[in-house]
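What follows is one structure encoded as structure tokens, with my remarks underneath.
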There are 2 protein chains.
Amino acid sequence: MLFRTKGYDAVSMDEVSKTAEVGTGTLYRHFPTKEALYDAVLEAWAERVNSAVERALTLDASARDQLLAWLTAYSAMLTEHKGAAARITAALGDPGSPFAAKCQTYLGANQRIIEALSPALRPDVDAMQISRLVGGVAAVADNSEIPADAVQAMLGVVADGLVASEKDSLPVRA
Amino acid sequence: MLFRTKGYDAVSMDEVSKTAEVGTGTLYRHFPTKEALYDAVLEAWAERVNSAVERALTLDASARDQLLAWLTAYSAMLTEHKGAAARITAALGDPGSPFAAKCQTYLGANQRIIEALSPALRPDVDAMQISRLVGGVAAVADNSEIPADAVQAMLGVVADGLVASEKDSLPVRA
DNA sequence: TTGCAAAACGGAGACAGTCTCCGTATAGTT
DNA sequence: AACTATACGGAGACTGTCTCCGTTTTGCAA
């Protein structure tokens, strides 16, 4: 679709309606706002989230690497549509957002990860925190055209931070 | 100023020109774009960056806690004006941006931190990476109205991730 | 002081978005 | 076939950034 290649901001509703060969009025009857339309566009691939979780968890690797695999997949999905990462991440706490359903999916996925890897993770992580952390990374990756390995490195830092227990790092004096 | 309280997007140039009691034309002669105006507004407090670095480094604490102190201060500065974090972080790699000068300041500050704490940090960190990581955290904090302690927890994760060496975490099998 | 050139000003309006409103066409029912 | 209800389309209302140009002010020399 248009949004995929050009990004949310660069596509006008006029353009969409022309491409779809309908009037703008018709478009707005189906989707009350531009964001609602975008939400519908994002619907399909959001469903792949849960399978990505399973795939990461069945990996024969350390907890840290399973986590990293998930974070990478998650971030890749968020980055797939330009502008999506920031929008979805911003909507995480807002039940009124058009993206609320997607946020629930994502939070649930991270919850599943936490439960599966729990003993290896620091005790105070929660799904919201992980969602925000990788949402943040994905958002900057999205609008700065960062090379893939730089994104990977950032996610590595986050993964390490999430497995590191606080007790380990605190008493190490400089 | 207006931007500080209402945020970049919520302030129109008409509003600025009215408040300043000048015509929009006059406004645009002084500042060629809205972003350039915003850059000028941000000028003053960007200068506080370097002193924040020094303050963090003179703290009598572990490398991790010095790092965290700096990340906290840095993030707080980015969040001080609504909308600034995302903008500045997005401009990090773009020398043509109006914010390029500020990005240099920030990158330099992170470079200083890296040099000071280097033995305690993972070997592959660079200033750009830190800037992006905390820029990402600050950006989501900025447009999700996150409580301060949640932001602090996320920065803690990042700080731990930055001090954790890769060798430690990789061989730990689940 | 007066005259004049140059610079600064102000705001109307060009342009580009999102979204609404309403006249028209289409489909469904008896 | 007539009538009603529903869907359509696009003009235009509204709001934003930024430009253009006629007017005012300023600075300087005679």
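Order of the sequence lines fixes the chain letters, A, B, ..., with proteins taken first and strands second; residue numbering starts at 1 for each chain.
In this structure, A:Arg29 atom CZ and D:dA7 atom P are separated by 7 Å, rounded to whole Å. For B:Leu37 and D:dC18, the CG to P distance is 10 Å, given to the nearest whole Å. Straight-line distance from the CG atom of A:Asp14 to the P atom of C:dC15: 16 Å, rounded to whole Å. C:dG10 atom P lies 10 Å from atom CD of B:Glu21, rounded to whole Å. Per the geometry, CD belonging to A:Glu35 stands 11 Å off P belonging to C:dT18, to the nearest Å. To the nearest angstrom, C1' of C:dC19 lies 11 Å from CG of A:Leu27. Rounded to an integer number of Å, the gap from A:Asp9 CG to C:dT18 C1' is 13 Å. For the pair B:Met13 CE and C:dA12 P, the computed distance is 18 Å after rounding to whole Å.
Ring orientation note: the planes of A:Tyr8 and A:Phe3 are close to parallel, at an angle under 30° on the 30°/60° scale.
Within 4.0 Å of B:Ser12, counting heavy atoms only, lie sugar-phosphate atoms of the nucleic acid but no base atom. Heavy atoms of B:Val16 sit nowhere under 4.0 angstrom from any nucleic acid atom. When heavy atoms are screened at a 4.0 angstrom cut-off, B:Ser17 is found touching no nucleic acid atom at all.
Between A:Ile88 and A:Leu42 there is a side-chain heavy-atom pair separated by less than 4.5 Å. Taking 4.5 Å as the limit, some side-chain heavy atom of B:Leu57 sits within range of a side-chain heavy atom of B:Leu117. Residues B:Lys82 and B:Lys6 have side chains not in contact (no heavy-atom distance under 4.5 Å, counting atoms from C-beta outward).
Mapping A:Tyr28 and B:Gly23 onto DNA chain C via the closest heavy atom, the residue that lands nearer the 5' end is B:Gly23.
Listed pair A:His30 / D:dC8 meets the phosphate criterion, a side-chain N or O lying under 4.0 Å from OP1 or OP2.
For a distance-only test at 3.5 Å, the side chain of A:Thr24 qualifies as a donor-acceptor partner of the base of D:dG10.
Distance check, rounded to the nearest 0.5 Å: CZ of A:Arg64 to CG of A:Leu71 gives 9.5 Å.
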